[in-house]
Every structure is written in structure tokens, then in C-alpha cells.
Amino acid sequence: MQDEIINKINEKYAQLGENPDTYLNGLLQAKPITYWDYIEVDTLLSLQKPRTNFADEEIFIMYHQVTELFLKLMLHEVKQIVLAEVFTEELLKNKLVRLHRYTQMLINSFAIMKDGMDYNDYNVFRATLAPASGFQSAQFRFIEIYCTPLVNLINAAGKERLPENPSIENYFENIYWKDAGINRKTGNKTLTLRLFEQKYLEDFIALAKKLEGKTLADRFAQLTNVSTEVTDLLKEFDHLYNVVWPMTHLNTARHYLDSKNENQQATGGSEWKKYLHPQFQQRKFFPALWSTDEKSNWGTEQ
Ligand code: HEM
């Protein structure tokens with residue numbers, strides 16, 4: 001067995017034009033890998049840098065970081081679906097099951113935000129965060145761009161503003177999330193939106209161009225004789241990501257910003273009560289799978 005491995009190592013490095021002895025010596029000297037080095041524990045645990053002395057600010061930072069890691073896990077799955085050379089129903093099913101698990105995890109853990117922080121402390125330390133807002137989470141937008149053609153990210157009012165034969169840039173001018181920070185009459189944008197666009201808009205446009213006709217929804221439409229199991233999984237993912245998470249998040253915003261009818265301004269400055277509601281956003285990744293009734297009742301059940 002050992003001879004076989006040594007032979008394979010010799011072959012591998014011979015093919016690379018390298019001397020296998022050098023690498024075997026390296027192996028002999030190398031320190032054993034440890035959990036803390038492999039997982040980068042020290043780096044990970046050094047990333048929480050509160051801006052105030054309120055103890056719960058660390059919870060706020062860490063939960064956002066946990067969410068970004070989960071969004072990265074989701075992007076990892078979505079990319080494998082969209083970029084797969086061979087796209088099959090089986091692949092889609094396996095990845096969708098994972099996507100559900102991650103989205104459920106985000107929904108089920110959101111109580112860490114809603115009930116797990118001191119109400120008064122949060123309402124003080126959050127002032128130091130303006131104009132930053134979860135709105136500026138780019139991974140949240142990348143998932144959308146991978147999942148669906150841009151037209152599905154434009155609400156009814158936005159569709160009326162679109163020119164005939166819209167370009168990718170036209171779509172981004174009218175995408176639902178812009179409504180969080182633009183005055184459509186004057187064109188003025190909040191600092192939150194301006195900074196977000198300066199950092200990411202080019203990347204969003206480049207990705208949308210690369211994925212034209214190849215998003216998850218497009219790839220799904222090319223499958224034939226799809227089982228209802230997979231169709232239901234897609235619908236459930238759409239509902240979890242675009243209705244259940246947004247409502248869980250909105251209820252948390254209501255808890256901190258409006259539970260005493262104080263209608264507080266959010267750090268990102270949006271008209272958040274309206275903007276964050278799935279009925280206003282009308283965001284659906286797979287609208288072709290929903291009936292007219294289901295679409296008009298989008299987000300009304302909670
Ligand atoms: C106390 C907890 C939270 C409150 C009160 C809150 C509040 C808000 C508000 C009011 C907005 C609207 C934009 C603005 O004007 O700032 C927003 C947007 C957003 N927040 Fe949060 N948020 C909280 C936690 C989180 C967490 C933990 C995440 C995870 C990354 C997150 C992600 C987002 C995203 C992705 C948006 C944009 C949503 C969209 O465009 O549909 N938020 N948040």
C-alpha cells in the first residue's frame with residue numbers, strides 16, 4: 001500500500017517536472033495541521049469590532065457576520081447550479097434542499113436579533129452605524145442576480161418606467177432595491193445608496209450581463225418533464241427567501257423602530273415600513289411557477 005502511494009507521488013511530481021524527493025522531504029518537516037490554523041479561528045474571532053461600549057453591539061455584529069457566511073454558503077450552491085456544465089433535475093434537487101436548509105436557518109435564528117438584544121441599548125448604539133445598513137449586503141443582491149432575470153426584480157411601478165427593449169443598465173436604474181434610497185421625482189439618492197452603488201454596481205452589472213439567459217430560472221425553464229417535487233422545492237425556496245425571511249426581518253425592524261408607534265428613522269434612511277414589505281417589492285425568482293392569485297396575494301399571508 002505504502003509503495004503504491006510512493007509510486008503515485010513519484011509519478012505526480014515527475015509529470016510536473018519536479019524532483020519528488022524535495023516534496024517528500026517537505027512532508028517530513030511540515031508541522032501537523034491544527035484545527036485553529038485550518039479554520040482560521042483567531043482571524044475569525046478578531047473580526048468583531050464594536051463602535052460603542054454597549055455589550056449587545058457584539059451580538060449585532062456577529063449575527064450579521066453569521067448571516068454573511070450563510071449567504072456565502074447559499075451563493076456556493078446557486079453558482080454550482082447556474083454554472084454546471086451538465087444541468088440535471090437531480091443536481092437542482094440536491095442543491096435546492098441545501099438552499100432550503102440555509103434559508104430556514106437564517107429565518108429560525110433571527111430571534112437572536114429580535115429578542116436577543118437589549119431594546120434600549122440597540123436603539124442607542126444603532127445611531128453610531130448610520131449610514132450603514134444591512135441594505136448594503138452585496139451577497140443578498142448577488143443571490144438575486146444568479147437566481148432570476150432582472151425583469152423579475154422590478155416592481156409594477158418600475159416596469160412602467162422601463163423603456164422599450166431595456167438594457168441591463170436600464171434594469172438596474174429601476175430595480176426594486178433602489179426605491180430604498182432614491183427620490184424618484186428629484187433623482188436624489190441617500191448616502192447609503194450612493195456608497196453601495198459606488199462599490200458594487202459595476203460588479204452587479206457585469207454579473208447580470210454574464211448570466212443573461214443563464215440564471216437559475218432560465219436554466220430551470222430549459223428542463224423538460226420536471227417532477228412536481230422539484231417545482232415545489234423551487235417555489236418553497238422563492239417563498240422562504242422572498243417572503244418569509246423579509247417578513248421575519250421586517251417584524252424585527254417593527255419591534256425596534258415602531259413598537260411604540262414612534263416610527264423611527266432607519267440607519268439607511270429608507271421608508272422602511274413600506275419598502276421592506278414583500279408586497280411592495282414584488283420580488284419573485286420564479287414567477288412562472290405561481291398562479292395569478294398566488295402572485296397577487298404575494299406576502300399577504302403574514
Ligand atoms: C435589529 C436588527 C435589524 C433591524 C432593525 C434592521 C432594519 C432594517 C431596515 C430598516 C432596513 C431598510 C433599509 C434602511 O433604511 O436601513 C433594512 C434593510 C436590510 N437589512 Fe436589516 N435590520 C436588522 C438586521 C439585519 C440583519 C441581521 C441582516 C443580515 C444581513 C439584515 C439585512 C438586511 C438586508 C439584506 C436589507 C435589505 C433588504 C431588501 O432590500 O429587501 N438586517 N434593515
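In listed order, ligands and their atoms are each counted from 1.
Among residues at least two apart or in separate chains, side-chain hydrogen bond (donor to acceptor under 3.5 Å, both in side chains) pairs with a member in residues 67-85 are Glu68-Ser137, Glu68-Gln139, His76-Gln80, Glu77-Lys95, Glu77-Arg98, Gln80-Lys95.
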Contact table, ligand 1 N/O with protein N/O, distance under 3.5 Å:
from: ligand 1; atom 1: 15 (O); to: Gly269; atom 2: N; distance (Å): 3.3
from: ligand 1; atom 1: 15 (O); to: Ser270; atom 2: N; distance (Å): 2.9
from: ligand 1; atom 1: 15 (O); to: Ser270; atom 2: OG; distance (Å): 2.7
from: ligand 1; atom 1: 16 (O); to: Ser133; atom 2: OG; distance (Å): 2.8
from: ligand 1; atom 1: 16 (O); to: Gly268; atom 2: N; distance (Å): 2.9
from: ligand 1; atom 1: 20 (N); to: His249; atom 2: NE2; distance (Å): 2.8
from: ligand 1; atom 1: 22 (N); to: His249; atom 2: NE2; distance (Å): 3.0
from: ligand 1; atom 1: 40 (O); to: Arg141; atom 2: NH1; distance (Å): 3.2
from: ligand 1; atom 1: 40 (O); to: Arg141; atom 2: NH2; distance (Å): 2.7
from: ligand 1; atom 1: 40 (O); to: Tyr275; atom 2: OH; distance (Å): 2.4
from: ligand 1; atom 1: 41 (O); to: Gln281; atom 2: NE2; distance (Å): 2.7
from: ligand 1; atom 1: 41 (O); to: Arg283; atom 2: NH1; distance (Å): 3.4
from: ligand 1; atom 1: 42 (N); to: His249; atom 2: NE2; distance (Å): 3.0
from: ligand 1; atom 1: 43 (N); to: His249; atom 2: NE2; distance (Å): 2.9

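With side-chain heavy atoms closer than 4.5 Å counting as contact, directly or through intermediates, Leu69 stands alone and belongs to no larger hydrophobic cluster.
Shown here are the side-chain hydrogen bond (donor to acceptor under 3.5 Å, both in side chains) partners of Asp118, two or more places apart in sequence or in another chain: there are none.
Under the 4.5 Å side-chain heavy-atom criterion for ILVMFWY residues, no single connected hydrophobic cluster contains both Ile59 and Ile61.
Between Phe140 and Trp177, the ring center distance fails the sub-6.0 Å criterion.
Looking at Leu44 and Gln65, their side chains never come closer than 4.5 Å, going by heavy atoms from C-beta outward.
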